[in-house]
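For reference, the structure is listed below as structure tokens.
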2 protein chains.
Amino acid sequence: MWFNYFGAMITLTEENYIKAIYQLGKYGTVNASTNSIADALETKASSVTDMIKKLADKGYVNYKPYQGVKLTQKGKKIAADVVRKHRLWEVFLVEKLNFSWDEVHDIAEQLEHIKSEKLINELDKLLDYPTHDPHGDPIPDKSGDIKKTDKTLLFNLDENAKGICVGVKDTSSAFLKYLDKYNIALGSKITVLSKEAFDDSMVIQIGETTINISQVVANNLFIKEQ
Amino acid sequence: MWFNYFGAMITLTEENYIKAIYQLGKYGTVNASTNSIADALETKASSVTDMIKKLADKGYVNYKPYQGVKLTQKGKKIAADVVRKHRLWEVFLVEKLNFSWDEVHDIAEQLEHIKSEKLINELDKLLDYPTHDPHGDPIPDKSGDIKKTDKTLLFNLDENAKGICVGVKDTSSAFLKYLDKYNIALGSKITVLSKEAFDDSMVIQIGETTINISQVVANNLFIKEQ
DNA sequence: ATATAAATTTAGATTAATCTAAAAATTTAT
DNA sequence: ATAAATTTTTAGATTAATCTAAATTTATAT
């Protein structure tokens with residue numbers, strides 16, 4: 001039996017729902033729809049309805065039938081803790097255990113549910129208090145706060161604009177391997193050489209090399225403009 | 001959905017039963033009784049009967065009604081893997097995250113179920129291939145083999161015998177804290193100064209200090225005689 | 001404004017793991 | 001060797017999480 005921050009018991013399934021609601025509802029500030037939760041968790045809408053009623057009973061979400069759900073403060077704290085753990089474990093896997101950024105997600109999905117405050121605080125210390133995970137996503141602090149940096153999609157940069165790659169939107173293994181192949185990594189300096197109106201592709205420069213990327217790629221790379 | 005070494009799905013509950021059977025049945029070589037399994041897992045005998053039927057169906061144990069169960073080769077491999085992970089995580093917690101030996105058990109109980117071969121192999125490497133956990137218990141190797149060293153309980157030593165503390169039988173927090181208090185740790189040199197027939201207590205020397213220990217303590221400390 | 005489509009909820013079943021109480025088998029003690 | 005005690009199994013229920021299919025509500029389009 002495991003108990004959360006508030007001294008209440010919480011199941012692994014409940015944690016996963018709360019996390020999904022957090023991420024779908026822009027960190028818990030807007031309503032997440034029943035169907036979007038079902039899609040995110042690869043389950044059925046009817047299962048979601050059942051579960052959100054239970055979460056509402058326990059005080060993790062506010063729910064009005066047909067209106068979707070929004071996290072309460074209590075729910076937000078749970079979600080931020082799970083996300084914090086997920087991202088810290090990802091850093092651990094890459095920094096200490098030689099994993100690459102396309103291999104860490106599934107393992108972090110398991111590790112994020114381990115219950116121990118001391119464990120996560122010591123892990124944070126071991127990793128020297130990282131602020132971002134290997135995909136550039138910010139790590140919530142102990143109280144659940146996220147400091148967000150100004151970043152934009154590469155797609156939005158104008159010709160001749162320069163910036164640094166600070167994150168990926170799509171974290172699928174396929175996309176990350178594509179980036180590896182073309183030596184695009186967090187920290188890479190990117191210059192937009194030209195944009196093609198026809199298909200929204202662009203030519204960019206990374207270090208010495210020049211490559212042509214599709215609109216799909218440009219829409220999944222976060223850039224800090226300079 | 002997680003799949004084991006044999007490509008079959010295995011639940012967390014099944015893993016816990018298999019581990020208990022392994023440890024009760026002296027690493028799976030003798031039969032574990034229904035009641036002993038129930039005690040170990042803090043559940044009821046009727047629940048155990050249900051589960052061992054399922055484990056038998058899946059080929060992890062051999063079961064004849066009223067005869068208890070013994071692990072199959074398949075079951076033994078699963079169990080040894082779980083124990084290997086448990087003990088490696090314990091080493092990690094103590095060596096890398098500043099935990100003391102009385103704090104690691106509950107967290108390792110959670111971590112032992114994380115599924116990733118690469119994770120556990122890399123952890124093994126990070127820890128420089130440890131052979132024993134913080135309580136002196138041997139860590140099974142990748143193929144599930146345990147090399148056991150010759151050790152005896154302090155209780156069995158004669159007067160004037162010398163040895164080194166190599167493990168604890170009781171791993172409860174209470175006992176481990178007792179040992180900390182009297183500076184008894186793995187690696188401590190111990191000499192039996194005298195034995196008291198009346199209550200089976202003994203006087204031992206550790207480093208510069210001399211202490212009186214009860215039969216209970218003597219029966220829970222493993223010693224390598226010298 | 002009303003019909004149609006889409007989203008959501010309800011009703012009723014199913015599965016895994018558990019429980020209690022009763023029945024059956026085995027072990028122990030005289 | 002048989003009665004008593006203990007252990008184990010069976011039978012029937014319960015809970016959490018899920019599902020399908022049907023009903024209901026909300027949104028969309030003409």
Side-chain angles (χ1 to χ4, degrees), chain A residues 1-4 8-21 24-25 30-71 75 78 82 109-110 112-113 115, chain B residues 1-4 8-21 24-25 30-71 75 78 82 109-110 112-113 115:
Chain A
M1 286 297 170
W2 290 102
F3 299 89
N4 69 16
M9 210 193 65
I10 188 161
T11 67
L12 185 138
T13 309
E14 288 168 351
E15 271 193 2
N16 280 331
Y17 271 88
I18 291 170
K19 188 180 87 162
I21 293 164
L24 283 167
V30 304
N31 286 22
S33 74
T34 301
N35 266 349
S36 65
I37 297 167
D39 285 352
L41 296 174
E42 295 184 87
T43 185
K44 297 297 151 98
S46 54
S47 306
V48 174
T49 302
D50 284 346
M51 181 56 82
I52 60 188
K53 281 179 186 167
K54 199 213 270 195
L55 295 177
D57 283 347
K58 292 191 169 188
Y60 298 124
V61 299
N62 289 123
Y63 167 62
K64 291 235 170 92
Y66 298 99
Q67 305 298 135
V69 283
K70 189 154 78 172
L71 292 177
I78 303 290
V82 173
E109 288 280 298
Q110 301 177 65
E112 72 189 8
H113 300 291
K115 262 75 172 179
Chain B
M1 286 295 170
W2 289 102
F3 300 89
N4 69 17
M9 209 193 65
I10 188 162
T11 67
L12 186 139
T13 310
E14 287 168 350
E15 270 192 4
N16 279 332
Y17 271 87
I18 290 170
K19 187 180 90 163
I21 293 164
L24 284 167
V30 303
N31 286 22
S33 75
T34 302
N35 266 350
S36 65
I37 298 167
D39 285 352
L41 296 173
E42 295 183 90
T43 185
K44 297 296 150 100
S46 54
S47 307
V48 173
T49 302
D50 285 345
M51 180 55 82
I52 60 190
K53 281 179 188 166
K54 199 214 266 192
L55 294 177
D57 284 346
K58 291 191 170 188
Y60 297 124
V61 299
N62 289 123
Y63 166 62
K64 290 234 169 93
Y66 297 99
Q67 305 298 134
V69 283
K70 189 153 77 173
L71 292 177
I78 302 291
V82 173
E109 288 280 299
Q110 300 177 65
E112 71 189 8
H113 299 291
K115 263 76 172 180

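Just the heavy atoms: all of them, side chains too, but no hydrogens, waters or symmetry mates, feed the values below. Naming convention: chains lettered A, B, ... in sequence-line order (proteins, then strands); numbering from 1 in each chain.
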How about A:Q110 and A:H113: do any of their side-chain heavy atoms sit closer than 4.5 Å?
no
From the set C:dA25, C:dC19, C:dT8, return the single nucleotide nearest to any side-chain atom of A:T34.
C:dT8
Give, for atom CD1 of B:I21 and atom OG of B:S33, the distance between the pair rounded to the nearest 0.5 Å.
10.5 Å
Does B:Y63 place a side-chain N or O at less than 4.0 Å from the phosphate oxygens OP1/OP2 of D:dT8?
no
May I have the distance from B:L12 (atom CG) to C:dT18 (atom P), rounded to whole angstrom?
10 Å
Using whole Å, what does the distance between atom P of nucleotide C:dA6 and atom CG of A:D39 come to?
15 Å
Nucleotide D:dA16, atom C1' - distance to CD of A:E14 in whole Å
9 Å
Separation of B:I37 atom CD1 from D:dT7 atom P, in whole Å?
14 Å
Please tell me if the side chains of B:K70 and B:V61 come closer than 4.5 Å, counting only heavy atoms from C-beta onward.
no
Reckon A:T49 touches a base, only the sugar-phosphate, or nothing at all at heavy-atom distances under 4.0 Å?
base
When the nearest nucleotide of DNA chain D is assigned to A:E42 and to A:P65 on a heavy-atom basis, which residue is associated with the more 5' position?
A:E42
C:dT8 C1' sits how many Å from A:I52 CD1, rounded?
9 Å
With a 4.5 Å limit on heavy-atom distance, are the side chains of B:I52 and B:Y60 in contact?
no
Taking the side chain of B:K53 as heavy atoms from C-beta outward, which of D:dT10, D:dT9, D:dT25 is closest to it?
D:dT10
Does B:N35 put a side-chain nitrogen or oxygen below 4.0 Å from OP1 or OP2 of D:dT6?
no
Within this structure, what is the CG-to-C1' distance between A:D50 and D:dT18, rounded to whole angstrom?
8 Å
Taking the side chain of B:S46 as heavy atoms from C-beta outward, which of D:dT9, C:dT9, C:dT8 is closest to it?
D:dT9
Distance below 4.0 Å between A:Y17 side-chain N/O and D:dA16 OP1 or OP2:
no
Backbone N or O of B:T11 within a donor-acceptor pair of the B:E14 side chain at under 3.5 Å?
yes
Write down the distance between CE (B:M51) and C1' (C:dC19), rounded to a whole number of angstrom.
14 Å
Rounded to whole Å, please give me the gap between OH in A:Y66 and P in D:dA23.
13 Å
Does C:dT30 have a Watson-Crick or wobble mate here (both distances under 3.5 Å), and if so which one?
D:dA1
Please determine whether a side-chain nitrogen or oxygen atom of A:K44 lies at a distance below 4.0 Å from atom OP1 or OP2 of D:dT20.
yes
Against the side chain of A:S47, the closest entry in D:dT18, D:dT24, D:dT20 is D:dT18
Nearest listed nucleotide, side chain of B:S33, among D:dT18, C:dT20, D:dT8
D:dT8
